[in-house]
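Take a look at the structure set out below.
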Amino acid sequence: MVNVPKERKTYCAGKCKKHALHKVTQYKAGKASNFAQGKRRYDSKQMGFGGQTKPVFHKKAKTTRKVVLRLECKKCKTKKQLCIKRTKHFELGQKSAQSGHQY
């Protein structure tokens, strides 16, 4: 379980050129375009008779994902990405439940 704070003071390579507060969010890939060359080629190859033309991947080996953080400078709004290690569970700024007995 990785718990990352929602704000982080780190170096800003934009206009600031010094350490500044950054807003932290998790990177999420955008929607795939229907007009990218690979998608156009795949669709034209799939048309007509003949079934599936390209291999469908089944041998998934990894159980975790590499987490990518998106840091946005609060002053100059410059964005940068920071990759952290593999993890199954990832949280942004949530208070972790204390283990053991609570009164």
Side-chain angles (χ1 to χ4, degrees):
M1 172 90 66
V2 176
N3 195 350
V4 176
K6 288 188 178 176
E7 281 186 349
R8 169 183 199 150
K9 192 171 185 183
T10 186
Y11 183 74
C12 175
K15 293 177 186 169
C16 301
K17 298 281 188 222
K18 59 183 180 184
H19 277 68
L21 265 181
H22 285 70
K23 188 174 93 173
V24 179
T25 52
Q26 188 176 2
Y27 166 79
K28 182 174 175 279
K31 185 172 177 280
S33 168
N34 275 334
F35 301 106
Q37 178 58 57
K39 178 72 172 140
R40 297 200 309 264
R41 185 183 294 119
Y42 178 77
D43 288 343
S44 70
K45 195 171 183 182
Q46 285 290 94
M47 279 195 314
F49 299 110
Q52 181 69 32
T53 58
K54 300 204 45 99
V56 178
F57 186 70
H58 293 298
K59 295 183 178 180
K60 189 172 187 298
K62 303 279 189 283
T63 59
T64 58
R65 295 201 118 170
K66 287 182 178 177
V67 177
V68 178
L69 302 180
R70 188 167 174 271
L71 307 172
E72 181 181 345
C73 179
K74 292 211 158 187
K75 278 189 180 172
C76 67
K77 305 290 185 219
T78 301
K79 296 161 193 77
K80 70 175 181 179
Q81 292 181 336
L82 177 71
C83 184
I84 61 176
K85 290 184 179 175
R86 293 183 170 275
T87 177
K88 280 187 180 178
H89 302 287
F90 177 77
E91 289 179 351
L92 261 181
Q94 294 178 345
K95 293 188 177 177
S96 59
Q98 294 175 349
S99 61
H101 184 68
Q102 292 164 11
Y103 295 100

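Residue numbers start at 1 and run along the sequence shown. Both backbone and side-chain heavy atoms feed into the values below; hydrogens, waters and symmetry mates do not.
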Exercise for the section: Any pair with a residue in residues 11-20 that passes salt bridge (Lys or Arg N to Asp or Glu O under 4.0 Å), sequence neighbours left out, goes on the list, sorted by first then second residue, please. Expected result: none

Completion exercise
Value for CG (Asn34) from NZ (Lys31), rounded to nearest 0.5 Å, stands at 6.0 Å

Handout entry: Main-chain N/O of Val2 paired to Glu91 side chain as donor or acceptor, under 3.5 Å
Key = no

Acceptor/donor pairs from residues 19-26 side chains to any protein atom, 3.5 angstrom cut, sequence neighbours excluded:
from  : atom 1 : to    : atom 2 : distance (Å)
His22 : ND1    : Ala20 : O      : 3.0
Thr25 : OG1    : Arg70 : O      : 3.4

Exercise for the section: Go through the steps to decide whether Lys80 and Glu72 satisfy the test salt bridge (charged side-chain N to carboxylate O under 4.0 Å, His left out), and finish with yes or no. Expected result: CA-CA 7 Å; Lys80 70 175 181 179; Glu72 181 181 345; over 6 Å; no

Practice task
Test Arg41 against Gln37 for side-chain contact (heavy atoms from CB on, under 4.5 Å), laying out the working first.
Solution key: CA-CA 6 Å; Arg41 185 183 294 119; Gln37 178 58 57; 3.5 Å; yes

Handout entry: Phe57 atom CZ, neighbour heavy-atom count above 12 within 6.0 Å
Key = yes

Problem - Nearest-0.5 Å distance, SG of residue Cys83 to OH of residue Tyr27 - result: 11.5 Å

Completion exercise
Here the gap from Gln46 atom CD to Lys54 atom NZ, rounded to the nearest 0.5 Å, amounts to 9.0 Å

Exercise for the section: Give the intermediate values and the outcome of side-chain contact (heavy atoms from CB on, under 4.5 Å) for residues Leu82 and Leu71. Expected result: CA-CA 7 Å; Leu82 177 71; Leu71 307 172; 4.2 Å; yes

Handout entry: Side-chain touch Val4/Leu92, heavy atoms, less than 4.5 angstrom
Key = yes

Exercise for the section: Might you point out which heavy atoms bring Cys12 and Thr78 nearest each other, and give the distance in Å? Expected result: SG-CB, 4.5 Å

Problem - Residues Lys88, Arg65; criterion side-chain contact (heavy atoms from CB on, under 4.5 Å); working and verdict - result: CA-CA 7 Å; Lys88 280 187 180 178; Arg65 295 201 118 170; over 6 Å; no

Exercise for the section: Walk me through it: do Phe90 and Ile84 pass the test side-chain contact (heavy atoms from CB on, under 4.5 Å)? Expected result: CA-CA 11 Å; Phe90 177 77; Ile84 61 176; 3.9 Å; yes

Handout entry: Over 12 foreign heavy atoms within 6.0 Å of NZ, Lys79
Key = yes

